[in-house]
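A quick write-up on the structure given underneath.
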Amino acid sequence: MNANDTCKMVNIYLYTRYERFWHWLQSALIAVLLVTGFEANGLYTLLGFKTAVDVHNFVGLAWLIAFAFFVFWVFTTGEWRQYIPTTKKMLLVIRYYMFGIFRGEPHPVPKRTDAKHNPLQRLVYLSLAAFLLPLQMLTGFLYWSYNSWNAWGLGWLSLKVVAAVHLAGGFAILSFLVVHIYMITAGHSLTAHTRAMICGWEEVEERDAVEEWEIKSRAKNPA
Amino acid sequence: MLVPHLFGPPGSDAYWAKYDWKTALESGQKKAGLPFSGQFDFVETSYVFPTTHMVAPKDRSVSCNECHAKDNSRMAGITGVYLPGRDGNRVIEFLGWTAVLASVAGVLLHAFGRAVSRSRKEG
């Protein structure tokens, strides 16, 4: 049996215009940063060391500025509540991706406008947006400002350590990207998630109302 | 180790005025308040030039990757300083690629599983 046979599908507006713009802008920035970053680390020669470093620095600083707008957006719209971690139904979601998905079972926590992340996504995206990406920006900014360390009273920092943390962060982001790109195909159809991130609308299974714990705003009626 | 008096006006004891090491050294040691036996000799030393200066002509100045490179770096012998592009981190690189390859393998396996279960249902 397929999910399509058992469930009625509904179209919901999941991602606002800014959200989609931010997603694709950040993807482009991260892609360029990965390519130029690994070149600067000496993995291969593509643009040449100087160009790779110049592009990496420019794009990295642009990312810092653009990220400030994302932080503003996530707090002013209340969307940060979508990232509050929960263990509720976490095991059900893990079980689904380990077994249920192969049997065509419906997703245990389908996307809703006010709860677009399942418990596993909440945890992953919170770690990413609140820890890994800011850590990468911080170590990258420090790396870039190496010549000012003494003037800023940061002479005790070790470039070797900062570079190692920055490199480890790069690998973590690349690993995330591999899984993330694959998970795009795991919607109710192969392209459902891609379509949603381009147009904003996603086809999801119609199901009972969102449970109270999932809802982003407690002010709204939970039923 | 002796302190030579190198630069000075014409007629002074400076080396570049009289071209005489003995007077230049006497004058230098005296100014530094150090004793001088009158005997001196030269030994061979190596000197590391700053790469931002003394490179001529301008169009033949060194490019970044003459030092910032894994192979044949001009600074290959200069240890104790982290040089981006020359120095990586073998442990992190090994762990990093292991994580990336594990992700790729996991994703491929999962995709294969989905493809098989789907074809079974349809077939």
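Proteins get letters first, then strands, A, B, ... in listed order; numbering begins at 1 in each.
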Any donor-acceptor N/O pair, B:His110 side chain to A:Met183 backbone, under 3.5 Å:
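Such a contact is absent between B:His110 side chain and A:Met183 backbone.
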For the side chain of B:Lys70 and the backbone of A:Asn41, is there at least one donor-acceptor N/O pair under 3.5 Å apart?
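Yes: the side chain of B:Lys70 pairs with the backbone of A:Asn41.
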Flag the one option from A:Phe171, A:Phe176, A:Phe49 with the top tally of heavy-atom pairs under 4.5 Å to chain B.
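Among A:Phe171, A:Phe176, A:Phe49, the one with the most close pairs to chain B is A:Phe171.
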Partner chain B: residue of A:Val53, A:Leu167, A:Val179, A:Ile181 with the largest heavy-atom pair count (under 4.5 Å)
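The option with the most such pairs is A:Leu167.
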Residue pair B:Arg114, A:Ile101: steps toward the side-chain contact (heavy atoms from CB on, under 4.5 Å) verdict
CA-CA 7 Å; B:Arg114 275 169 69 203; A:Ile101 191 169; 3.8 Å; yes
Minimum heavy-atom distance between A:Ser175 and B:Ser103, given as atom pair plus value:
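The answer is CB-OG, 3.6 Å.
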If you look at every heavy atom in B:Tyr82 and A:Leu159, which pair is closest and at what distance?
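That would be O-CD2, 3.6 Å.
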With a 4.5 angstrom heavy-atom cut-off, could you sort out which part of [X] is near chain B: side chain, backbone, both or neither?
X: A:Leu190; answer: side chain
X: A:Ala186; answer: both
X: A:Thr45; answer: neither
X: A:Ala168; answer: both

Among the options B:Cys64, B:Ser63, B:Pro84, pick out the one with the most heavy-atom pairs lying under 4.5 Å from chain A.
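The option with the most such pairs is B:Pro84.
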May I have the step-by-step check of side-chain contact (heavy atoms from CB on, under 4.5 Å) for A:His166 and B:Asn89, ending in yes or no?
CA-CA 11 Å; A:His166 197 64; B:Asn89 189 313; over 6 Å; no
